[in-house]
Amino acid sequence: MAHDLEILQQALIAADPGEALAATERLLAAGVAPTTILEEGMAAAMFELGERWKRGEAFLPEVVASAEVFKRCNELVEPALLATRDPDAEANALVVLATVKGDLHDLGKNMVAAMLRTSGFDVLDLGKDVSADRIVEVVREQAPQIVGLSALLTTTVPYQETVIRRLEDAGLRDAVKVMVGGAPVTPEWAERIGADGYANNAPEAVEIARKLVGAPQ
Ligand code: B1M
């Protein structure tokens with residue numbers, strides 16, 4: 001298994017769809033947990049690619065290509081993940097998820113969405129580059145228990161605070177819990193802006209969301 005996880009990582013970094021999809025299929029066939037494939041294989045590869053990009057050893061077109069291969073691997077893993085949904089673990093809660101305005105990074109947010117669904121949440125995914133106005137409108141109309149805000153750029157992280165302030169202005173803040181995440185987001189930032197929860201990764205997001213709605217862990 002460790003060998004195929006390594007092959008998957010290298011294939012994602014190299015944006016090689018054939019190798020990446022074959023390694024994903026082998027891992028699934030071997031019964032490796034979909035969460036392990038997502039976190040230890042796929043997310044870890046994108047993190048390493050980001051480090052290489054920072055060092056000038058990878059370039060934007062390569063990152064775009066890797067992100068496409070990531071999505072194709074995800075198409076294989078997500079159904080396997082959803083098949084592990086435990087009908088006895090229903091959270092009876094709606095989560096509205098969005099990558100905030102100005103930010104086009106959605107791979108991590110999509111992983112959070114899939115893991116929340118697997119853990120018995122209903123998820124309304126508003127996508128990426130989502131404005132505070134849109135989020136406020138949806139919270140008013142759908143009355144979710146949680147709003148989840150993802151941001152991957154240091155320039156878009158402050159928009160998480162903008163959304164919280166807009167929910168306050170609209171008189172909706174007390175009606176909904178706000179959870180924030182994304183690589184540059186920290187627990188200190190979450191506390192500073194008055195978010196109710198912070199998660200470092202998708203499995204942790206599930207844990208925090210269940211706590212926020214009082215669902216059994
Ligand atoms: Co971008 N990018 N990117 N990029 N990109 C980063 C974020 C960067 C750190 C790369 C680097 O320099 N090393 C850097 C930001 C630097 C900074 O802010 N200071 C950067 C940059 C600069 C840019 C552009 C500005 C580049 C340019 O155009 N010159 C541009 C911005 C576009 C925009 O958004 N307006 C850009 C574009 C892109 C692509 C489109 C090519 C692509 C995104 C494709 C897509 O998402 N559909 C991309 C990618 C792939 C990356 C890196 C390499 C990988 C991100 C990723 O998908 N990781 C990234 C490097 C890095 O993050 N270290 C980088 C995998 C994913 C599973 O992890 O998203 O962290 P992640 O999600 C995790 C956790 O964070 C957490 O759970 C997930 C699963 O464990 N989580 C949550 C996420 N959301 C959560 C929400 C929660 C809870 C947990 O609650 C609600």
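All ligand and atom numbering here is 1-based and tracks the order in the structure.
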Legend entry - Close-contact set for ligand 1 against Asn201 heavy atoms, below 4.0 Å: 76 (C), 77 (O), 80 (O)
Legend entry - Charged N-O contact under 4.0 Å between Lys71 and Glu75: no
Legend entry - CD-CZ distance between Glu78 and Arg117, expressed to the nearest 0.5 angstrom: 7.0 Å
Legend entry - Close-contact set for ligand 1 against Lys54 heavy atoms, below 4.0 Å: 13 (N)
Inset, instruction - Could you check atom 63 (N) of ligand 1 against the protein and tell me its nearest heavy-atom contact, residue, atom and distance included? - result: Phe47 CD1, 3.7 Å
Inset, instruction - Nearest heavy atom to atom 86 (C) of ligand 1 wins, so pick from Gly181, Ala58, Gly108, Ala114. - result: Gly181
Legend entry - Single-linkage hydrophobic cluster Leu153~Val163, side-chain heavy atoms < 4.5 angstrom: no
Legend entry - Short N or O distance, Gly148 and ligand 1, threshold 3.5 Å exclusive: no
Inset, instruction - Check step by step if side chain to side chain contact (heavy atoms under 4.5 Å, CB included) holds for Leu152 and Ser150. - result: CA-CA 7 Å; Leu152 263 289; Ser150 183; 4.0 Å; yes
Inset, instruction - Determine whether Leu38 and Val206 fall in the same hydrophobic cluster, where Ile, Leu, Val, Met, Phe, Trp and Tyr are linked whenever their side-chain heavy atoms lie under 4.5 Å apart. - result: yes
Inset, instruction - Identify the protein heavy atom lying closest to atom 75 (O) of ligand 1, giving its residue, its atom name and the separation to 0.1 Å. - result: Ala183 N, 3.3 Å
Legend entry - Pairing of Arg85 and Glu90 as salt bridge, 4.0 angstrom limit: yes
Inset, instruction - Please test Lys128 against Asp103 for side chain to side chain contact (heavy atoms under 4.5 Å, CB included), starting from the C-alpha separation and ending with a verdict. - result: CA-CA 6 Å; Lys128 54 195 171 185; Asp103 200 320; over 6 Å; no
Inset, instruction - Quick one: look up the protein heavy atom nearest atom 57 (O) of ligand 1 and list residue, atom name and how far away it is. - result: Leu107 CD1, 3.3 Å
Inset, instruction - Considering only NZ, NE, NH1 and NH2 on the basic side and carboxylate oxygens on the acidic side, decide whether Lys101 and Asp133 come within less than 4.0 Å. - result: no
Inset, instruction - Sort out for me which residue in Leu97, Val96, Val147 forms a side-chain contact (heavy atoms from CB on, under 4.5 Å) with Leu124. - result: Val96
Inset, instruction - Quick one: do Leu167 and Val178 satisfy side chain to side chain contact (heavy atoms under 4.5 Å, CB included)? Show the steps, please. - result: CA-CA 10 Å; Leu167 286 168; Val178 178; 3.9 Å; yes
Inset, instruction - Can you confirm whether something in the protein, heavy atoms only, sits under 4.0 Å from atom 9 (C) of ligand 1? - result: no
Inset, instruction - Could you name the option among Ile13, Thr99, Asp106 that has the heavy atom nearest to atom 47 (N) of ligand 1? - result: Asp106
Legend entry - Residues Arg165, Glu168: salt bridge by 4.0 Å N-O rule: yes
Legend entry - Atom of Ile208, atom of Tyr198 and distance for their closest heavy-atom approach: CG1-O, 3.6 Å
Legend entry - Polar proximity ligand 1 side, Thr155 side, N/O cut 3.5 Å exclusive: no
Inset, instruction - Name the closest protein heavy atom to atom 40 (C) of ligand 1, giving the residue it belongs to and the distance to 0.1 Å. - result: Val64 CG2, 5.0 Å
Inset, instruction - Check Thr156 against Ala151 and note the closest heavy-atom contact, atom names and distance. - result: OG1-CB, 3.9 Å
Legend entry - Nearest-contact summary for atom 67 (C) of ligand 1 - protein heavy atom, Å: Met111 SD, 3.5 Å
Inset, instruction - Output yes when a protein non-hydrogen atom is found under 4.0 Å of atom 29 (N) of ligand 1, and no otherwise. - result: no
Legend entry - Nearest-option assignment for atom 56 (C) of ligand 1, heavy atoms, candidates Glu51, Met46, Lys71, Lys128: Met46
Inset, instruction - May I ask you to decide whether Glu137 forms a salt bridge with Arg140, counting only side-chain N to carboxylate O separations under 4.0 Å? - result: no
Inset, instruction - Identify the protein heavy atom lying closest to atom 89 (C) of ligand 1, giving its residue, its atom name and the separation to 0.1 Å. - result: Ala199 O, 3.4 Å
Legend entry - ligand 1-proximal atoms of Val112, by part, heavy-atom distance under 4.0 Å: side chain
Inset, instruction - Please check if a non-hydrogen protein atom sits closer than 4.0 Å to atom 43 (C) of ligand 1. - result: yes
Legend entry - Under 4.0 Å to a heavy atom of Asp103 - the qualifying atoms of ligand 1, by number: 34 (O)
Legend entry - Mode of Val185 contact toward ligand 1 - side chain, backbone, both, neither (heavy atoms, under 4.0 Å): neither
Legend entry - Distance, nearest 0.5 Å, that separates CG of Asn74 from CE of Met111: 7.5 Å
Inset, instruction - For side chain to side chain donor-acceptor pair (under 3.5 Å), just list the numbers for Trp53 and Glu62, CA-CA rounded to whole Å, side-chain angles, deciding distance to a tenth of an Å, and then say yes or no. - result: CA-CA 9 Å; Trp53 190 9; Glu62 293 160 11; over 6 Å; no
Legend entry - Sub-4.0 Å atoms of ligand 1 with respect to non-hydrogen atoms of Leu60: 28 (O), 41 (C)
Legend entry - atom 59 (C) of ligand 1: any protein heavy atom closer than 4.0 Å: no
Inset, instruction - Before signing off on this row, confirm whether Leu97 and ligand 1 have an N or O atom pair separated by under 3.5 Å. - result: no
Inset, instruction - Could you name all protein N, O or S atoms found under 2.8 Å from atom 1 (Co) of ligand 1? - result: His105 NE2
Inset, instruction - Identify, by atom number and element, the atoms of ligand 1 in contact range of Glu39, meaning under 4.0 Å from any of its heavy atoms. - result: 79 (C), 80 (O)
Legend entry - Heavy-atom protein contact below 4.0 Å for atom 16 (C) of ligand 1: no
Inset, instruction - Identify whether the distance between the nearest side-chain nitrogen and carboxylate oxygen of Lys109 and Asp125 falls below 4.0 Å. - result: yes
Inset, instruction - Tell me which protein heavy atom sits closest to atom 81 (N) of ligand 1, plus the residue, atom name and distance to 0.1 Å. - result: Gly182 N, 3.6 Å
Inset, instruction - Please check if the side chain of Arg210 supplies one atom and the backbone of Ala215 the other of a donor-acceptor pair under 3.5 Å. - result: no
Inset, instruction - Give a yes or no on whether the backbone of Val176 and the side-chain of Arg173 come within a donor-acceptor separation of less than 3.5 Å. - result: yes
Inset, instruction - Indicate, as side chain, backbone, both or neither, the part of Asp129 found under 4.0 angstrom from ligand 1 when only non-hydrogen atoms are considered. - result: neither
Inset, instruction - Would you mind telling me if ligand 1 is within reach of the side chain of Ala67, the backbone, both or neither, using heavy atoms under 4.0 Å? - result: side chain
Legend entry - For atom 18 (O) of ligand 1, closest protein heavy-atom neighbour: Thr154 N, 2.8 Å
